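Worksheet: one structure, shown below.
Fair warning: this is a prediction, and the values are worked out from it, not measured in the lab.
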Amino acid sequence: QVQLVESGGGWVRPGESLRLSCAASGRAFRPSAMGWFRQAPGKDREFVGATSGNGDVSLYAVPVKGRFAISRDSAKNTVSLQMNNVVPEDTGIYYCAAREQGGIIVLSDSAVYQYWGQGTQVTVSP
């Protein structure tokens with residue numbers, strides 16, 4: 001009923017910037033939280049950042065603090081991840097995720113999200 005589609009991935013050099021987008025489609029959808037996760041080859045999925053439904057609360061993983069920023073367009077049910085000053089360690093498949101249910105949650109916990117995109121590859125190399 002709800003589909004999430006990421007876009008904007010690709011190859012970039014260290015120090016450059018990249019902007020990922022995630023669009024929700026399907027039935028009317030009002031997410032209470034939207035997050036970004038990534039997974040490097042051979043590694044577990046890890047939290048990148050997330051924002052609450054109204055955008056008042058945002059959380060970022062330590063490795064990306066000060067470099068990444070999340071923005072939302074509530075009218076379009078989209079969320080973007082601005083990646084600045086990227087480093088090779090940022091390489092991985094980036095997934096967007098959404099939670100529809102309300103309540104108090106931990107934004108960094110992947111288990112709280114019920115909808116997931118298929119992911120978009122980001123490669124950072126010289």
So, do Tyr113 and Leu107 sit near enough that their side-chain heavy atoms are less than 4.5 Å apart? yes
Neighbour count above 12 (heavy atom, 6.0 Å) for Gln39 CD: yes
Is there a side-chain contact between Tyr95 and Cys22, using heavy atoms and a 4.5 Å cut-off? no
Is the CZ atom of Arg19 crowded by more than 12 outside heavy atoms at less than 6.0 Å? yes
Looking at Arg38 and Glu46, is any side-chain nitrogen of the basic one under 4.0 Å from a carboxylate oxygen of the acidic one? yes
Do the rings of Tyr115 and Phe29 sit parallel, tilted or perpendicular, given the 30° and 60° boundaries? perpendicular
Shortest non-hydrogen contact between Phe37 and Ser108, atoms and distance: CE2-O, 3.7 Å
Report the C-alpha distance between Ile105 and Arg99 in whole Å, list the side-chain angles of each, state the deciding distance to 0.1 Å, and finish with yes or no for side-chain contact (heavy atoms from CB on, under 4.5 Å). CA-CA 10 Å; Ile105 61 170; Arg99 175 182 173 85; 3.3 Å; yes
Starting at OG1 of Thr51, measure out to CG of Leu81 and round the result to the nearest 0.5 Å. 11.5 Å
Separation of Leu20 CG from Glu6 CD (nearest 0.5 Å): 8.5 Å
Relative to Trp116, does Arg45 satisfy both conditions: NZ or CZ under 6.0 angstrom from the six-membered ring centre, and within 45 degrees of the ring's axis? yes
List the atom of Glu100, the atom of Ala28, and the distance in Å for their closest heavy-atom pair. OE2-O, 4.3 Å
When you look at Ile70 and Val79, which way does the side-chain contact (heavy atoms from CB on, under 4.5 Å) test go after all the steps? CA-CA 7 Å; Ile70 294 172; Val79 61; 3.4 Å; yes
So, taking the atom named CG in Leu59 and the one named OG in Ser52, what distance separates them when rounded to the nearest 0.5 Å? 10.5 Å
So does Gly9 get a backbone contact from the side chain of Thr120, meaning a donor-acceptor N/O pair under 3.5 Å? yes
Measuring centre to centre across the rings, with the benzene-like ring taken for any Trp, is Tyr60 within less than 6.0 Å of Phe47? no
Roughly how far, to the nearest 0.5 Å, is CG of Asn85 from CZ of Arg67? 6.5 Å
Separation of Ser17 OG from Met83 CE (nearest 0.5 Å): 9.5 Å
Let me confirm one number: the CZ-CD distance from Arg27 to Gln1, rounded to the nearest 0.5 Å. 5.0 Å
Between Ala50 and Gly35 the two heavy atoms that sit nearest each other are CB-CA, 3.6 Å
Write down the atom of Trp11, the atom of Ser125, and the distance for their closest heavy-atom approach. NE1-OG, 2.7 Å
Minimal heavy-atom distance between Ser21 and Ser80, with the atoms involved, is OG-OG, 3.4 Å
Are side-chain heavy atoms of Val48 and Phe68 found at a separation under 4.5 Å? yes
Tell me whether Asp90 contacts the main-chain N or O of Val87 through its side chain, where contact means a donor paired with an acceptor under 3.5 Å. yes
Of all heavy-atom pairs linking Val112 and Val106, the shortest is CG2-O, 3.8 Å
